[in-house]
Amino acid sequence: MKRWKSISLLLVVMLIAALMGACSNSTGGSSNKISVGIVLPTKDEPRWVQDEQRFKDALKDSEYTTEILFSQGSSAKEKENVETLINKGIEVLIITPQDGAAAAAAVEAAKKDGIKVISYDRLITDTDAVDYYVTFDSVAVGAAQGQYLIDHSEGKDVPLYLYAGAASDNNAFLFFEGAWSVLQPKIADGTFKIANSGEAEKLKDKQELSRDEMSKILGQVTTNWDPNEAKNKAQTHLTAVGTDMKGDVAVLAPNDGTARSIADVFASDGDISSYTVTGQDAEKASIQYVIDGKQSMTVFKDVRTLVTDAMGIAVDILDGKSPETTGSYDNGAIEVSAKQTNVIVVDKDNVQKELIDSGYYEASEFTGLK
């Protein structure tokens with residue numbers, strides 16, 4: 001009997017220990033639960049590393065927690081990141097898709113778990129599993145780039161070199177759409193002549209292009225957001241053209257990383273007298289290029305505002321409130337409620353005011369500021 005009593009007592013003790021362990025694990029699980037999961041495309045571009053810190057800072061004084069993962073240019077890794085965050089119990093997912101269409105499967109898995117999805121800076125397409133889109137006015141970005149080229153070109157038959165982002169990124173189409181909308185009338189009237197795209201030349205009399213028509217042009221001038229690819233393409237184009245397509249030229253470069261690479265190529269060609277080249281993102285390296293006269297302009301998208309908007313929507317969701325939006329975007333499946341942020345053109349003349357005086361960068365980070 002004593003032996004059975006000992007065994008019974010041992011079983012009771014083990015049962016109590018197991019229950020306490022379960023309670024302990026349950027409490028630990030809830031305290032380790034992540035409120036907002038964030039998936040960014042790559043650590044290889046300064047823009048996204050800066051965003052990482054700003055997202056962390058945005059929730060610093062909040063009761064909510066976040067975890068940020070990078071996809072490193074891989075849609076498969078992006079899907080894996082989303083699954084990791086789902087398993088950590090997130091309630092809101094903020095994601096910048098590597099490929100707008102490929103990301104659909106990942107966010108659909110999140111949606112099935114009742115997670116609210118915020119598409120950040122780039123739109124996820126062809127799915128109804130996107131709740132909100134936080135963005136800059138991407139068409140306005142392209143229009144600002146195109147207008148800058150118009151404002152800084154003189155005479156007729158100015159050679160125009162077109163470059164675009166990745167065909168897998170919906171934003172690349174929006175940027176190009178905006179640029180084409182203002183450039184096309186000036187191509188049609190002979191102010192510009194297209195130097196590096198037979199497809200664009202075929203469509204030069206058409207102001208509004210279909211997605212398929214833009215796809216054909218992007219197929220010839222895409223940089224895939226890769227500075228090396230942009231450099232190689234620019235070298236190929238300059239080698240292929242005659243001196244009539246050189247001299248004083250205009251260059252539509254989609255972002256700062258590609259702009260610097262393309263600018264270096266054009267600067268090294270002895271038959272290029274001068275070039276006006278666009279950019280966007282206000283990367284530090286490009287601001288130095290702007291100050292030094294190597295890059296003409298950049299479109300400043302104040303990501304501080306974008307991060308604030310994205311986190312504002314996330315916190316509203318977590319607090320049970322209805323987030324405020326300012327418009328919507330058609331992603332091919334639904335109209336996605338959107339919050340848009342304005343953009344600012346920055347060149348040599350206003351770099352001090354817009355980027356230094358506003359506290360975005362420190363003057364000590366650059367040389368040659370006036």
Where do [X] and [Y] come nearest, in terms of heavy atoms and distance?
| X | Y | result |
| --- | --- | --- |
| Thr222 | Ala166 | OG1-CA, 3.8 Å |
| Ile95 | Pro97 | O-CD, 3.6 Å |
| Asp256 | Ser286 | CB-OG, 3.1 Å |
| Glu365 | Glu362 | OE1-N, 2.5 Å |
| Glu45 | Trp225 | OE2-O, 4.2 Å |

Any side-chain heavy atom of [X] within less than 4.5 Å of one from [Y]?
| X | Y | result |
| --- | --- | --- |
| Gln207 | Pro185 | yes |
| Leu69 | Ile38 | no |
| Pro254 | Phe175 | no |
| Lys216 | Ser210 | no |
| Asp302 | Ile344 | no |
| Val39 | Ser71 | yes |
| Ile90 | Thr66 | no |
| Ile356 | Leu369 | yes |

Cluster overlap [X] with [Y], hydrophobic side-chain contacts below 4.5 Å:
| X | Y | value |
| --- | --- | --- |
| Met311 | Ile34 | no |
| Leu40 | Val92 | yes |
| Val117 | Val36 | no |
| Ile115 | Phe55 | no |
| Met297 | Tyr360 | yes |

[X]-[Y] side chain donor-acceptor pair, cut-off 3.5 Å:
| X | Y | value |
| --- | --- | --- |
| Asn331 | Tyr133 | no |
| Asn196 | Gln220 | no |
| Ser168 | Gln98 | no |
| Thr341 | Asp309 | yes |
| Gln280 | Asn255 | no |
| Asp189 | Thr191 | yes |
| Thr84 | Asn81 | no |
| Asp292 | Gln288 | yes |

Counting distance only, does the side-chain N/O of [X] pair as donor-acceptor with the main-chain N or O of [Y] below 3.5 Å?
| X | Y | value |
| --- | --- | --- |
| Asp347 | Asp349 | yes |
| Asp269 | Asp271 | yes |
| Ser35 | Thr65 | yes |
| Ser215 | Arg211 | yes |

Test: [X] and [Y] ion pair at under 4.0 Å:
| X | Y | value |
| --- | --- | --- |
| Lys77 | Glu80 | yes |
| Lys301 | Asp281 | yes |
| Lys111 | Asp128 | no |
| Lys116 | Glu91 | no |
| Lys112 | Glu108 | no |
| Arg47 | Asp51 | yes |
| Glu213 | Lys202 | no |
| Asp169 | Arg122 | yes |

Looking at [X], I want to see if its [atom1] is surrounded by more than 12 non-hydrogen atoms of other residues, nucleotides or ligands under 6.0 Å.
| X | atom1 | result |
| --- | --- | --- |
| Asp244 | CG | yes |
| Gln72 | CD | yes |
| Lys206 | NZ | yes |
| Lys321 | NZ | no |

Next item on the list: Any chance you could lay out the side chain to side chain donor-acceptor pair (under 3.5 Å) test for Asn87 and Glu83, step after step, and finish with the verdict?
Entry: CA-CA 6 Å; Asn87 290 334; Glu83 286 165 359; over 6 Å; no
Note to self: Could you measure the distance from the OH atom of Tyr148 to the OG1 atom of Thr298? Nearest 0.5 Å is fine.
What the structure shows: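 Rounded to the nearest 0.5 Å, the OH-OG1 separation comes out at 11.0 Å.
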Checklist line | Apart from Ile187 itself, residues in the same hydrophobic cluster as defined by side-chain heavy atoms under 4.5 Å | finding: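 So far as hydrophobic clustering goes, Ile187 is joined with Leu149, Ile150, Val158, Leu160, Leu162, Phe173, Phe176, Trp180, Val182, Leu183, Phe192, Ile194, Leu203, Leu209, Met214, Ile217, Leu218, Val221, Leu252.
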Checklist line | Co-members of Leu238 in a cluster of I, L, V, M, F, W and Y side chains, linked at under 4.5 Å | finding: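 Once heavy-atom contacts under 4.5 Å are chained together, Leu238 belongs with Tyr161, Tyr163, Val241, Met245, Val249, Val251, Ile262, Val265, Phe266, Ile272, Tyr275, Val277.
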Note to self: Determine whether Asp248 and Ser274 satisfy the following criterion, side chain to side chain donor-acceptor pair (under 3.5 Å), listing intermediate values before the conclusion.
What the structure shows: CA-CA 5 Å; Asp248 299 318; Ser274 71; 2.7 Å; yes
Notebook entry, point to check: So, Tyr329 versus Tyr132, ring centres under 6.0 angstrom or not?
Noted result: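 Aromatic pair excluded; centres sit 6.0 Å or further apart.
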Margin query: Between Tyr64 and Ser62, does the side chain to side chain donor-acceptor pair (under 3.5 Å) criterion hold? Intermediate values first, please.
Written below: CA-CA 5 Å; Tyr64 300 118; Ser62 155; over 6 Å; no
